[in-house]
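Chain letters run A, B, ... following the sequence lines, proteins first and then strands; every chain starts at 1.
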Protein chains: 2
Amino acid sequence: METSVMEENKNITIIDVARRAGVSKGTVDRVLHNRGEVSAKSAEKVRQAIRDLDYEPNLYASLLATRKNHVIACLLPRSVKGEYWDKLRNGFVQGGEAVSNLGAEVKIFEYDQYDPESFAAVCSQVLASEPAGVVLPPLFKNDTLLFTEKLHKAGVPYVYVDSRLEDEHYLAYFGMPTYRSGYLCAYLLTERCQDVPKVAVIRITRDKTRRSDPTIDRRAGFSDYMQEMFPDSEIINVFINPNEPDEIAQVLDVFFAEHPDVRFVVMFNSRIHLVAPYLQAHPVEGRRVIGFDDLDLNMEALSSGAVTVLIAQHTEAQSSKAVATLVDYVVLHKEPGKRDNYMHMDILTSLNQENY
Amino acid sequence: METSVMEENKNITIIDVARRAGVSKGTVDRVLHNRGEVSAKSAEKVRQAIRDLDYEPNLYASLLATRKNHVIACLLPRSVKGEYWDKLRNGFVQGGEAVSNLGAEVKIFEYDQYDPESFAAVCSQVLASEPAGVVLPPLFKNDTLLFTEKLHKAGVPYVYVDSRLEDEHYLAYFGMPTYRSGYLCAYLLTERCQDVPKVAVIRITRDKTRRSDPTIDRRAGFSDYMQEMFPDSEIINVFINPNEPDEIAQVLDVFFAEHPDVRFVVMFNSRIHLVAPYLQAHPVEGRRVIGFDDLDLNMEALSSGAVTVLIAQHTEAQSSKAVATLVDYVVLHKEPGKRDNYMHMDILTSLNQENY
DNA sequence: CTGGAAATCGTGCCCGTTCACGGAAAAGTA
DNA sequence: TACTTTTCCGTGAACGGGCACGATTTCCAG
């Protein structure tokens, strides 16, 4: 009828432990935070006493006594408001607020996503600031590995978001299963499609630097699904120069004039909103348009009907969880539940985009 | 390049305030918790000093000093493992764990969902236990109103989950927009449907007590959509006795024999898993089956292909957020951001059900 | 003006940890 | 043995706020 959640209040203090181990609380404290200056013998007695009494330190007392502020450094590319990285940034800030009463603080370090140098510069800044933990999306693979190696040596835990490298020491990862998101995209696009689908893949991208790029996996997932289900389907890439936004309408005009029967449109990055105005201005019965990520502009495109479906992952949740996990680890010494956390892929339509 | 999130560490203690107000910290403490025994004059001086210094009490110190445990009472119907109410219950427990280091504790009170008496009995238990806050789904309207009125008089804040009554004093509400979920369901069911859809609505329900029932709104949303989009559509109710589980197959056999052209199947409560085995055993090309809620059994039905889409709302998130909000309010004195929190409706398919 | 009740307020201990400081014991040196 | 250097460990003062207790002041009747 009535159940209690939470261990009964143990009144076991550090002094009880000390008494049982026949030492003073100072000594107990030293072994608790293994900062040496304790003989092996009494260290063992203390550990035994802790085990015997099932002692766990009082969080408040501890937090009160060490009024140290753990700072969590969050690195990410500078970005325009409303863009993907900006959402991620918001998540960092939110996460920071959520844990602010645990004596943790979030510091955000931004760099130029097209300039590895600026990333490296920021990295040394972060190292110099001696953070309690670091969160970052591994944009530049090599530079990131160099950086995280240093972090590891300095004993600073770090968490990947967005995508993930395969090094050994990261504490956790939060992100989307990119391959599967492409697969899902193809399914949603072609579900109940009667004939052989023709798909336009719109590609607006800067010339690639040597960055890790999640859209590659996504594209692969998409292709694989299409291969499996519609071997005869046609997938046509439409390239648009990002530096010439006016070009968009022209290119699409040309394309759809040539391919009037293309009913399926996708984009694998978060920029579907760039083509939304054109699509809305040129409506086609039965056309399906799918994009990624819950940017504000994308959400608008969704509610306006220009976009049919958005595959999203609660960008903010991703980064705020990363911060929370790190803080839990650093101040509460709580190991993360899972190391690799693949976020759920949300399917957004105009009818369920509210309250997202 | 570098931004700090969080106000700088204010070292202003209660003593600073006391000094500035020309009183002792005891007095400051009294006005802080307005527990009287302070003259109007010095109370005002203290308040002024607090404002001047922008003082806010140190959470840890406070928590350490009062090792009182705020208990949050969570009421809900007893239920089988894996059922809807059990998920809600899990959310309560999770929420309790999440805030356990804020000196809060969750106590769960269960009653018989078909017996208002048992609910009333539990209510008085809760009242007697003098909780710091209460979370409950308002199953029995009248009894709930009676109860919450008493809570309000006793100064105990309460939060609704699942559904909501229109009384004045609830602190917050967390739940699904039921009408819209029915609307969404109809959309997902009939999207890209070429001809006039015929829908089987399967209804397995106990004889109704005077409970508030979210499936009514859901049904309404569904009907409205169908009316709008397919005025000629046919919606056929299929009633099944919940007390005769073996009956399910028979009834469905009869039904589908009579209506071989029905391709659309929905259920508005969380029990779609009950018919999943039958549907899987009798596959039909192009059939679409939609159910509600992320019960484990429903998820299995989804991955097996018996169910096409599940409309869910992260049941656990709903209840754990309710707990978190209440605790924030009670121990941190933080007002809830929004009063009515409609949870996002998640669209689950076999391809995105993982990591949910 | 006085005694006593009531209103108001200050003091001091407590909560459980952290950590600097310095003392005692052990080990090393001459 | 005596003296120095390490190693180890105990002590006690914070940390900031809650609250019991009792002291002081105010108020009012007699």
Side-chain angles (χ1 to χ4, degrees), chain A residues 7-47 49-50 53-70 100-103 132 330-333, chain B residues 7-47 49-50 53-70 100-103 132 330-333:
Chain A
E7 64 285 17
E8 55 290 341
N9 239 345
K10 18 190 99 165
N11 291 336
I12 312 159
T13 80
I14 201 172
I15 296 203
D16 300 319
V17 176
R19 243 195 311 265
R20 183 173 237 271
V23 297
S24 79
K25 69 198 174 84
T27 304
V28 176
D29 186 65
R30 274 183 282 264
V31 343
L32 231 37
H33 304 82
N34 35 255
R35 70 176 115 85
E37 311 208 348
V38 178
S39 70
K41 191 162 46 135
S42 36
E44 187 41 50
K45 275 194 298 183
V46 167
R47 269 188 284 270
I50 289 178
L53 298 176
D54 199 22
Y55 162 80
E56 36 185 296
N58 180 307
L59 185 63
Y60 315 136
S62 170
L63 249 21
L64 176 62
T66 72
R67 59 219 147 290
K68 184 171 60 174
N69 246 19
H70 302 266
S100 71
N101 55 12
L102 276 171
V330 178
V331 353
L332 271 23
H333 306 109
Chain B
E7 63 285 18
E8 55 292 341
N9 237 345
K10 19 190 99 168
N11 290 337
I12 311 158
T13 79
I14 200 173
I15 296 204
D16 298 321
V17 175
R19 244 197 309 264
R20 182 174 238 270
V23 297
S24 78
K25 75 195 176 90
T27 304
V28 175
D29 186 66
R30 273 182 282 264
V31 344
L32 231 37
H33 303 82
N34 35 255
R35 69 176 115 86
E37 311 208 349
V38 178
S39 70
K41 193 161 44 129
S42 38
E44 186 42 49
K45 274 194 298 183
V46 168
R47 268 188 285 271
I50 290 179
L53 298 176
D54 200 20
Y55 163 79
E56 36 184 296
N58 180 307
L59 186 62
Y60 315 136
S62 169
L63 249 20
L64 174 62
T66 72
R67 57 215 152 293
K68 183 172 63 174
N69 248 17
H70 301 267
S100 71
N101 56 10
L102 276 171
V330 176
V331 352
L332 271 24
H333 306 108

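Taking atom CD of residue B:E56 and atom P of nucleotide D:dG16, one finds them 14 Å apart after rounding to whole Å. Computed from coordinates, the A:N58 CG to D:dG18 C1' distance equals 15 Å when rounded to whole Å. Between the CG atom of A:L59 and the C1' atom of C:dG16 there is a distance of 11 Å, given to the nearest Å. Nucleotide C:dG10 holds its P atom 12 Å from the CD1 atom of B:I14, rounded to whole Å. Straight-line distance from the CG atom of A:L53 to the C1' atom of C:dG16: 15 Å, rounded to whole Å. Distance A:L63 CG to D:dA14 C1': 16 Å, rounded to the nearest Å. For the pair B:D16 CG and D:dC15 P, the computed distance is 11 Å after rounding to whole Å. Rounded to an integer number of Å, the gap from A:I12 CD1 to C:dT17 P is 10 Å.
Applying the 4.0 Å criterion to OP1 and OP2 of C:dT18, one finds that A:S62 has a side-chain N or O inside that range. The shortest distance between the side-chain N/O atoms of A:S39 and the OP1/OP2 oxygens of D:dT7 is not below 4.0 Å. Contact between the side-chain N/O atoms of B:T27 and the OP1/OP2 oxygens of C:dT8 is not found at any separation under 4.0 Å. For D:dG17, one of the phosphate oxygens OP1 or OP2 lies less than 4.0 angstrom from a side-chain nitrogen or oxygen of B:Y55. Listed pair B:S24 / C:dG10 meets the phosphate criterion, a side-chain N or O lying under 4.0 Å from OP1 or OP2.
A:V23 comes within 4.0 angstrom of sugar-phosphate atoms only, judged by non-hydrogen atoms across all strands, and of no base.
Two end axes, each from the C1' atoms of five base pairs, can be drawn for the helix from C:dC1-D:dG30 to C:dA30-D:dT1; they diverge by 50°, to 10 degrees.
For the pair A:T13/A:N58, no side-chain contact is recorded, criterion being any heavy-atom separation below 4.5 Å from C-beta on. For the pair A:V17 and A:R20, the minimum side-chain heavy-atom distance is 4.5 Å or more. Taking 4.5 Å as the limit, some side-chain heavy atom of A:L32 sits within range of a side-chain heavy atom of A:I50. Looking at heavy atoms from C-beta onward, B:L102 lies in side-chain contact with B:L59 at the 4.5 angstrom threshold. B:D29 places a side-chain heavy atom less than 4.5 Å from the side chain of B:H33.
Note that the CZ atom of A:R30 and the OG atom of A:S42 stand 9.5 Å from one another [nearest 0.5 Å]. The line from OG1 of A:T66 to CG of A:N69 is 9.5 Å long, rounded to the nearest 0.5 Å.
Annotation for B:L53 and B:I12: closest pair O-CD1, 2.8 Å, computed over non-hydrogen atoms. Nearest approach of B:S24 to B:A18, heavy atoms of both residues: C-CB, 3.6 Å.
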Please produce a list of atom pairs where a protein N or O lies less than 3.5 Å from an N or O of nucleotides 19-25 of chain C.
residue, atom, partner, partner atom, Å
C:dC19, OP2, A:R35, NH2, 3.3

